[in-house]
Amino acid sequence: MIPYGKQDISQADIDAVVDVLKSDYLTQGPKGPLFEESLIKYTGAQHALVVNSATSALHIACLALGLGKGDWLWTSPITFVASANCGLYCGASVDFVDIDKNTYNMSVAALKAKLEKAKVQGNLPKVVVPVHLCGQPCDMKAIHELSREYGFSIIEDASHAIGGKFFEEPVGNCRYSDITVFSFHPVKIVTTAEGGAALTNSDELADKMALYRSHGVTRSPELMTEEPHGVWYYQQVELGFNYRMTELQAALGVSQMQRLDSFVARRHQLSKRYDTLLAGLPLLLPHQLEKSYSGLHLYVIRLKLDQIELPHKEVFSRLRGRGIGVNLHYIPVHTQPYYKNMGFQYGDYPEAEKYYAEAISLPMFHLMSEAQQGEVVAALTDVLGGIK
Ligand SMILES: *Cc1c(COP(=O)(O)O)cnc(C)c1O
């Protein structure tokens, strides 16, 4: 099976992890801060906090922004469930904004319309989570302007977008957001096995996230309620978690970061090649925005079902049957049973549901060969053979 995504681990990556195993620190040593430094250097953000997953990063980001009971978090229905669940972890309510039919990101027009309505009804969101789907940045300038007008905070879910750029600047610099989150799961662009990071330009948010990452415990005298009792002293001043990243993961992250640009460049090569090879088929190919450079985590095609004999489901299973590890990103979150139990239903977000009925993620990863890509294209051409 040609997988839809796969990590690329070099000998240097392996050596970096083995060095940590032979060192004094398996966790809370020098590699975590080193990885954070490399993320700061790459993105230009003021602070980076590495954690054990993007899900954890989203959670501490919401907590640091003060999200809680009675508040609303809005995100896109076309995302991994974690972008929405983080709101529920904090006791807040979650709602969705339908997607743009070209980029599949949160639609700015739909966001604007929903905000106007929410203002009248008195239920404006406290936090909005735009998701850079497939790595293509959302229109952050427009979303940022709306945040000023309506007073919400922004967490960019950039789990797909490390290495990407928005108007020439790295995704993650937080120019248009309060916090940006990355994921280092193995299918993503760079990996630490499990892992994630939260970046911000705010000293206050960084301090709060650091507390939530590690039990709400501090060793900084200025954050304590009384004089330290001695050199051993620490205080728990918040209810936090253990979301720390290990030294093995951080060392892998530092090593992987050195190849980030080449990872993304290769994805662009493969994507351009797909664009050419698939041009004649009854498919909607990914739309790349001019002013941004996608991290290209995913290459998503949409079937023009009115020109194809087979249903979406059948195209999908025939491709799998031929060893092509196609996937679907994502099942609209509001149609998940857990969310339906909260009152969401089919029909709530028509663009998202239409996308779900047509989308297929094709295999794309750094080590994918042109021969493998050829196999994907041949299988797809064959399966779609019965063009109406
Ligand atoms: C992968 C992913 C996450 C969760 O990342 P983990 O590191 O696995 O917790 C969140 N949001 C999006 C959009 C993702 O793709």
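Only heavy atoms go into these numbers, but all of them, side chains included; no hydrogens, no water, no symmetry mates. First listed ligand is number 1; within each ligand, the first listed atom is number 1.
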Is ligand 1 under 4.0 Å from a heavy atom in the side chain of [X], in the backbone, in both, or in neither?
X    : result
H297 : neither
F182 : neither
S83  : side chain

When the ring centroid of [X] is compared with that of [Y], is the distance short of 6.0 Å?
X    : Y    : result
F167 : Y176 : no
H59  : F241 : yes
H366 : F263 : yes

Starting from [atom], which protein heavy atom do you reach first, and at what distance in Å?
atom                    : answer
atom 2 (C) of ligand 1  : K188 NZ, 2.7 Å
atom 9 (O) of ligand 1  : T55 OG1, 2.5 Å
atom 11 (N) of ligand 1 : D157 OD2, 2.7 Å

Legend entry - Within 6.0 angstrom of E290 CD, more than 12 heavy atoms from elsewhere: no

Inset, instruction - Assign the ring pair Y4 / H297 to parallel, tilted or perpendicular, where the plane angle (0 to 90°) is split at 30° and 60°. - result: perpendicular

Legend entry - Geometric class of the F344/F96 ring pair [parallel <30°, tilted 30-60°, perpendicular >60°]: perpendicular

Can you list the ligand 1 atoms lying under 4.0 Å from a non-hydrogen atom of [X]?
X    : value
A54  : 4 (C), 5 (O), 6 (P), 7 (O), 9 (O)
V131 : 13 (C)
T79  : 13 (C)

Looking at non-hydrogen atoms alone, which of [options] comes nearest to [atom]?
atom                    : options                : answer
atom 8 (O) of ligand 1  : G135, G195, A197, S183 : S183
atom 10 (C) of ligand 1 : S159, P186, A161, S53  : S159
atom 15 (O) of ligand 1 : H185, H160, E194, H329 : H160

Inset, instruction - Check whether any side-chain N or O of T276 sits under 3.5 Å from a backbone N or O of K272 as a donor-acceptor pair, and report yes or no. - result: yes

Legend entry - Between N327 and S361: side-chain donor-acceptor atoms closer than 3.5 Å: no

